[in-house]
Each structure stands twice: as structure tokens, then as C-alpha cells.
Amino acid sequence: MSLMFGKARTCNIVTVPEHEPSECNIVILGSMGSGKSALTVKFLTKRFISEYDPNLEDTYSSEEVVDQQPVIVKVMDTADQDGPVNCERYLSWANAFIIVYSIDNRNSFQACQQYIETVTLYSKGLQPDTPVILLGNKVDMERYRQVSKADGAALASRFGCRFFEVSACLDFLSIQHIFHEVVREVRRETDRSIRPLFISEDKSAISLSSAPPLTACYKELPTPATAKLVTVKSSRAQSKRRAPTLTLLKGFKIF
Ligand SMILES: Nc1nc2c(ncn2[C@@H]2O[C@H](COP(=O)(O)OP(=O)(O)OP(=O)(O)O)[C@@H](O)[C@H]2O)c(=O)[nH]1
């Protein structure tokens with residue numbers, strides 16, 4: 001069963017009940033082998049698993065607390081064969097994008113530019129804006145580095161993205177920090193998009209004190225399944241390989 005959660009693009013202000021944690025849909029993009037799955041698994045399980053089914057695309061969720069506020073983080077680990085293809089499956093779903101390259105692979109860095117251009121073009125003018133984080137992964141492979149930190153930073157600043165270098169096989173906290181920073185960026189953009197209007201001199205302007213309290217622009221969504229990690233979207237592509245697999249996480253097949 002494929003169950004996708006959307007979010008209201010048009011800002012129809014609805015009240016999110018206090019007890020309901022907000023949601024944050026994050027899409028991870030990048031060329032094959034850049035480390036998308038490894039980063040996703042590390043964030044969800046604190047473990048580094050070395051081999052994944054490259055054709056497996058799935059969406060996972062995790063209940064997090066960011067700055068004392070609970071949030072359901074949904075992560076779509078994509079599996080484009082090369083470059084952004086049929087992007088509509090994630091463009092309207094995402095609250096944010098993490099675009100990954102491997103510092104030891106120049107081609108993966110070039111592919112990131114295509115992804116950044118695609119998502120920034122789509123998000124242009126949309127409210128709230130969709131934050132993009134550029135990630136240089138495999139920083140443990142320094143001796144094989146092909147992409148300098150300066151190159152990564154320059155690409156990120158050209159598109160107004162945040163930029164980090166990480167390694168999915170090193171400490172968990174640096175990976176968790178990235179995902180939590182994405183949640184903070186989404187919250188900032190949401191607050192920015194519902195910031196009270198400036199009251200003009202014209203007395204006819206609505207006085208905000210009488211307007212209902214503005215809250216996040218999310219439509220009421222069904223509460224997600226209680227399980228901590230759930231697969232909410234079936235795999236897009238079935239694995240072609242029939243090697244024996246160990247299923248670590250629902251939806252992840254590890255060889
Ligand atoms: N040294 C090192 N290897 C990594 C790191 N992250 C991922 N890898 C390895 O790189 C290979 C590809 O990792 P994946 O997570 O499958 O990459 P992916 O982007 O999901 O690739 P596809 O599944 O083909 O789309 C695997 O062998 C991982 O073990 C890292 O930070 N450091």
C-alpha cells in the first residue's frame with residue numbers, strides 16, 4: 001500500500017492541535033553511491049550498514065524532539081538511476097531537501113548541481129520556501145578527496161543552501177544534527193511565511209490583535225502509525241538482485 005502524506009502548499013491557516021507533533025518531510029537526493037541510504041539508516045538506527053539495494057526507494061518516519069518540540073520526521077530515500085527523473089513524486093511532498101554527493105567522486109558533485117537547480121526552480125515563489133541542504137558525504141575518505149570543501153561551499157552559497165561535510169560511517173550525532181537542522185530550517189521558513197502582516201497606516205487594515213492566532217500551514221493529517229519506524233511508501237523499484245538479504249529496517253534490504 002502506498003500512503004503519501006502531502007502538505008498544504010497554499011497557506012490555508014489551520015490550527016494544529018497542541019498535542020499533535022508537527023511533521024517534516026525530508027527528501028534525500030543525489031547520484032547512486034553517494035551515501036543517501038547510509039545516511040538515512042544512520043539517522044534512523046545509529047548504525048552504519050555498508051551495503052544496500054541500490055534500486056530500493058522508500059520513505060521512513062522517526063519521532064524526534066528538536067528544541068524540546070516533538071516532530072515526526074519523514075525521510076524519503078530516493079533511488080534515481082541518474083539525475084533528477086520523474087521528480088513530481090517528491091517535489092510537492094517535500095518540506096526540505098538534502099542533496100548528497102561523495103567528496104571522493106567529482107561526478108556525484110556535478111549531479112548535485114542538477115538536483116539543486118531542479119528543486120530551487122520548482123520551489124521558486126512557493127510559500128513556505130523549501131530549504132535545501134547540500135551534504136558532502138564520505139569525509140572519512142579524505143585521502144581520495146576529489147571535491148574541495150571550498151567547491152561545496154561555493155555551490156551551496158550560489159543557491160542559498162546550507163552546506164555540511166559529514167561521514168555516514170562516523171559519529172551519529174553529526175548526522176542527527178543535520179536532520180535536526182533541516183527541521184529548524186523548515187520551522188523558520190514556516191514562521192516566516194505566516195509572519196503577521198505589517199499594519200499599514202490605513203485604519204481599515206485588519207488589526208492583528210483581533211485576527212485568530214496564526215499557526216503552521218499544515219493541513220490536518222492522519223496521525224501516523226504508532227510504530228517508531230514505519231514504511232509509509234512502497235518501494236518504487238523492485239530489486240533486480242535476488243541475493244539473500246537481511247532486512248534490518250522495514251523497507252531496507254541489506255546484503
Ligand atoms: N567510507 C564511506 N563509505 C560510505 C559512506 N556512506 C556510504 N558509504 C558507502 O558507499 C556505498 C554506497 O552507499 P549507499 O548508502 O548505498 O549510497 P546511495 O546514495 O544510497 O546509493 P544508491 O542506493 O545506489 O542510490 C556503500 O558501500 C556504503 O557503505 C561514508 O560516509 N564513508
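Order of listing sets the numbers, starting from 1, for every ligand and every atom in it. None of the values given here were measured: they were computed from a predicted structure.
- Taking only nitrogen or oxygen atoms, main chain and side chain alike, G35 reaches within less than 3.5 Å of ligand 1.
- The side-chain hydrogen bond (donor to acceptor under 3.5 Å, both in side chains) check on E142 picks up R145, with sequence neighbours excluded.
- Close contacts between ligand 1 and S31 involve ligand atoms 19 (O) [criterion: under 4.0 Å to a heavy atom].
- Residue contacts with ligand 1 do not include S102, since none of its heavy atoms lies under 4.0 Å from the ligand.
- A donor-acceptor pair under 3.5 Å links the side-chain atoms of N95 to the main chain of N25, judged by distance alone.
- Near A168, the atoms of ligand 1 lying under 4.0 angstrom from a non-hydrogen atom of the residue are 6 (N), 30 (C), 31 (O).
- Between the choices G33, A38, S37, the shortest heavy-atom distance to atom 12 (C) of ligand 1 belongs to G33.
- Tracing side-chain contacts under 4.5 Å through hydrophobic residues (I, L, V, M, F, W, Y), one never reaches V166 starting from M141; they form parts of separate clusters.
- Within ligand 1, counting atoms from 1 as listed, the ones closer than 4.0 Å to a heavy atom of S167 are 30 (C), 31 (O), 32 (N).
- Below 30°, between 30° and 60°, or above 60°: for F164 and H177 the angle between ring planes is above 60°, a perpendicular geometry.
- Below 3.5 Å of separation, one finds no N or O of D77 facing any N or O of ligand 1.
- Contact annotation for N137 and ligand 1: only side-chain heavy atoms (C-beta onward) come within less than 4.0 Å of the ligand.
- Of the inter-residue distances, the one linking I28 atom CD1 with F179 atom CZ reads 3.5 Å to the nearest 0.5 angstrom.
- Backbone and side-chain nitrogen or oxygen atoms of V139 are examined, and none is located within less than 3.5 angstrom of a nitrogen or oxygen of ligand 1.
- Shown here are the salt bridge (Lys or Arg N to Asp or Glu O under 4.0 Å) partners of R192, two or more places apart in sequence or in another chain: E189.
- Proximity of V139 to N137: side-chain heavy atoms (C-beta onward) are nowhere separated by under 4.5 Å.
- Using a 4.0 Å heavy-atom cutoff, S34 is listed among the residues neighbouring ligand 1.
- In this structure, K46 forms a cation-pi arrangement with F172, its terminal cationic atom sitting closer than 6.0 Å to the ring centre and no more than 45° off the ring axis.
- Among I175, L29, D140, L170, the residue whose heavy atom lies closest to atom 32 (N) of ligand 1 is D140.
- Distances below 4.0 Å separate heavy atoms of M141 from the following atoms of ligand 1: 1 (N).
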